[in-house]
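Written out below as structure tokens is the structure these notes cover.
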There are 4 protein chains.
Amino acid sequence: MPKKTFYNLSEEKRNIIIETAIDEFASDSFKNASISKIAERAGIAKGSLYQYFIDKKDLYKHIIEISGNKKLEYLTDCIARIEGLKLFELIRELYKQGILFTIENPKLASITNNFLKETDTRFKEEILGTNMEKSNQFFEMLIEKSKQKGEVKNEIDTKVGAYIITHLNTAIVDQVLNHMEFSEILLNQEELLDKVDKMLFILESGFNS
Amino acid sequence: MPKKTFYNLSEEKRNIIIETAIDEFASDSFKNASISKIAERAGIAKGSLYQYFIDKKDLYKHIIEISGNKKLEYLTDCIARIEGLKLFELIRELYKQGILFTIENPKLASITNNFLKETDTRFKEEILGTNMEKSNQFFEMLIEKSKQKGEVKNEIDTKVGAYIITHLNTAIVDQVLNHMEFSEILLNQEELLDKVDKMLFILESGFNS
Amino acid sequence: MPKKTFYNLSEEKRNIIIETAIDEFASDSFKNASISKIAERAGIAKGSLYQYFIDKKDLYKHIIEISGNKKLEYLTDCIARIEGLKLFELIRELYKQGILFTIENPKLASITNNFLKETDTRFKEEILGTNMEKSNQFFEMLIEKSKQKGEVKNEIDTKVGAYIITHLNTAIVDQVLNHMEFSEILLNQEELLDKVDKMLFILESGFNS
Amino acid sequence: MPKKTFYNLSEEKRNIIIETAIDEFASDSFKNASISKIAERAGIAKGSLYQYFIDKKDLYKHIIEISGNKKLEYLTDCIARIEGLKLFELIRELYKQGILFTIENPKLASITNNFLKETDTRFKEEILGTNMEKSNQFFEMLIEKSKQKGEVKNEIDTKVGAYIITHLNTAIVDQVLNHMEFSEILLNQEELLDKVDKMLFILESGFNS
DNA sequence: CATGAATGAGATTTCATTCAT
DNA sequence: AATGAATGAAATCTCATTCAT
């Protein structure tokens, strides 16, 4: 959460700072990212950054938040259609949008994914507040509903099911990022979606009654 | 690969060094772990560490190797019984042994898991030589065999299947580690194995014909 | 080439740093000179030096450059009069000015001379860019001209001639420095110039037709 | 001056140590040469070196001495013929033998030349005892004799003359070494001797009456 | 608000020398 | 006499953060 001073800046300046920070955090872990480089590349004084943000962590937190919001934009449409879709239709859409988000915002996706892999749990909680596990809870809710509709086997453990779906999602994003790094950049989306379909084919047979 | 000098040390001293290094690398990534701290905590001179190991990377490599070997010990029995078991019986055993390894060697497991999450591919290859992807390939082979036996649906994509199994494996290990950190340490093994069974129940229905 | 930050410092501070660096590099070779000592003696933080210069080499390069410029100041007058003078009149002037430079800037002269003696050619080129050998080429040109004017025997090999003149020049500077070290500091200039005259007397008879 | 213990060693072992030390000192300055590397490459314990020599300097001193003696072997023949030869015939021989020594013992020559370039005069005296300047004095004596014989102009300053001859000698050796480094190794001796002749041609005209 | 110089702790690494065995 | 493990000071370099202007 930036200080007030940050919001007093012109939008243009704010954007430059954010973009530069994203660049830096995307190309390195939190610890190795350098405040000095961000200031330098953004063309502002190092001290200024400390006028806008409490410290490095604070800036990082803000970027993580931005990324979360951006990703949500990609997902809201799907989520709106939650009622009309079957569980795996929805999951397919969500995975698809997640891939789209990753391709169109690779830096943000990379930051988020790196963050998710951080070991230091205390650090993670500090950054996120408490809303870790949001994704998990969302899928739990979905599965529960689907059980009620009879779409999904009752024998399936809801938590475990949600867990699987969540983790495979981040695994996919990871793969997209890795491929992009090697600049087969557009390893074409179709191929990717094909993989997703193959993955979901397996899961679906596993979940469905 | 430590220098000769390392192996000339008393076993006791060698153990102290290894244990301390494991402690340090377990609580921080490679980059953030500190040789200085290791030396200090092990009660030896900083310079001495450089008598035993070429550099930080060399020490890290050694720890990774130790961990790999230790884990292999847990898995060899399963793997020996490869022929007699059905695919998911084997996977269950492998997951189970993986959990056991993690519970009994949480620091090593943590180091390995952190390593697997490293983004820098060049670094990873430097540490491992080339045998990345071994796990994936192993599961691909298993699935292929099971298809031939008719245990697994032919429609399933082998690579994607192996991918799922591998990733859920590391996800489980991660979860074990996280829980242990919060010192519900023995969140009892039974409960965990129960979760694994629930997970495999889903996957099995998904894979089997 | 210092960073901008260096030029933002007060002249006084800049001078202190430069003087201290000169002291250090004059009393030791590049490799053995210590950035830590420079910082300590200049009364600034070690880190600060790295705000002003990229690294040790960068600072060294700057000092070498300063020295080169200073020496050039001593020589420009002579060089301007190049046309009016006979070869050995000019050489005498150049040697003389070189001695003057050395006496008035013994530390700079020492640094330069040490640098010229460095064995590592790659290092030298890195520091100088490419203009090594400038002195040699200058004398070659002079000799060539003098041959045309009939002042110098045609049988003389131009390159070898230039080589002799260049090397005796640095030899003289060396001697001046050595004597100064033994603090017969002013072994008076006259005596020195007398030696130069004696040296040139020999060379002149050797060169002239 | 090695300790007695050194001379108790088998000649073979002594040779290995000396050769290795020569290798190391030839490829680096005194300060940067590494005792550890010498011990390692010679296949002896580091501690042993300290049984044979007081310290690094002591070993270095010994090597310098060896080099001096070796070079003397190349020169004694010339020197023996001192009476029969004219000044520049003798100088030519001495330069020639110096080049031969350098070509056949490049490492020793390199060590010696680097040593001569050392700035730290106290260090130099410590190593050499007092016999610096020996070469200079030798040439002074020669010149004096030649003056008496009427071969050399009386106007020439003996000291300055000797100085020139000495310095050009080391300059030549330096050039040989540099060329060898660039592995035009045998830039053929003839070519070199041709250069020497050209150099001496100049000097001779300068000296002779 | 903006600046950017200053800091200083801490990182990795090197190496001559000592000393117990 | 031989060994080689141990030492520890010193080297270069990095960087988040502070603070005076």
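Bear in mind the structure is a predicted one, so any value in this text is a computation, not a measurement. Lettering follows sequence order; numbering is per chain, from 1. Scope of the values below: all heavy atoms of this structure, side chains included, with no hydrogens, waters or symmetry mates.
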Send over the distance from [X] [atom1] to [N] [atom2], rounded to a whole Å.
X: B:Asp55; N: F:dC13; atom1: CG; atom2: C1'; value: 17 Å
X: B:Tyr7; N: F:dA5; atom1: OH; atom2: C1'; value: 17 Å
X: A:Phe6; N: E:dC1; atom1: CZ; atom2: P; value: 12 Å
X: C:Tyr60; N: F:dC13; atom1: OH; atom2: P; value: 15 Å
X: A:Glu40; N: E:dG4; atom1: CD; atom2: C1'; value: 12 Å
X: B:Asp58; N: E:dT12; atom1: CG; atom2: P; value: 14 Å
X: D:Phe53; N: F:dA2; atom1: CZ; atom2: C1'; value: 15 Å

Strictly below 4.0 Å, heavy-atom distances to any atom of DNA chain E: list the hits from residues 18-36 of chain D, or just say none.
D:Ala33, D:Ser34, D:Ile35, D:Ser36
Does a side-chain heavy-atom distance below 4.5 Å link A:Phe25 with A:Leu59?
yes
D:Asn8 vs F:dA1: side-chain N/O to OP1/OP2 distance below 4.0 Å:
yes
Phosphate OP1/OP2 of F:dT7 contacted by B:Ser48 side-chain N/O (<4.0 Å):
yes
Heavy atoms only, 4.0 Å cut-off, all strands: where does [X] land among base, sugar-phosphate and nothing?
X: B:Thr5; answer: sugar-phosphate
X: D:Leu9; answer: sugar-phosphate
X: A:Tyr52; answer: sugar-phosphate
X: B:Lys37; answer: sugar-phosphate

Paired stems touching DNA chain E, three or more consecutive Watson-Crick or G-U pairs with both distances under 3.5 Å?
E:2-21 with F:2-21
Can you tell me how far the CG atom of D:Leu108 sits from the CD1 atom of D:Ile64, to the nearest 0.5 Å?
9.0 Å
One should read off an interatomic distance between C:Glu65 CD and C:Leu128 CG, to the nearest 0.5 angstrom, of 10.0 Å
Could you tell me how the ring of A:Phe30 sits relative to the ring of A:Tyr60: parallel (under 30°), tilted (30 to 60°) or perpendicular (over 60°)?
tilted
Check every atom of E:dC1, F:dA10, E:dT7 against the side chain of B:Lys46 and return the nucleotide holding the closest atom.
F:dA10
Can you figure out which of F:dT3, E:dA2, E:dT13 approaches the side chain of D:Ile44 most closely?
F:dT3
Applying side-chain hydrogen bond (donor to acceptor under 3.5 Å, both in side chains), can you list everything that pairs with A:Ser67, at least two apart in sequence or on another chain?
A:Thr112
Checking B:Glu11 now: which residues fulfil side chain to side chain contact (heavy atoms under 4.5 Å, CB included) with it, not counting sequence neighbours?
B:Arg14, B:Asn15
Please determine whether the number of non-hydrogen atoms from other residues, nucleotides or ligands lying under 6.0 Å from atom NZ of B:Lys3 exceeds 12.
yes
C:Lys57 atom NZ, over 12 foreign heavy atoms within 6.0 Å
no
Residue pair C:Lys57/B:Gly43 against DNA chain F: nearer the 5' end by closest nucleotide is B:Gly43
For C:Ile127 versus C:Lys61, what's the shortest heavy-atom pair and its separation?
O-CG, 3.5 Å
Please table the atom pairs, donor to acceptor, closer than 3.5 Å between any side-chain atom in residues 40-51 of chain D and protein atoms at least two apart or in another chain.
| unit_1 | atom_1 | unit_2 | atom_2 | d |
| --- | --- | --- | --- | --- |
| D:Arg41 | NH1 | D:Glu24 | OE1 | 3.1 |

Pick out the pairs of N or O atoms, protein on one side and nucleotides 19-21 of chain E on the other, that lie under 3.5 Å.
none

Are the ring centres of C:Phe6 and C:Phe53 closer than 6.0 Å?
yes
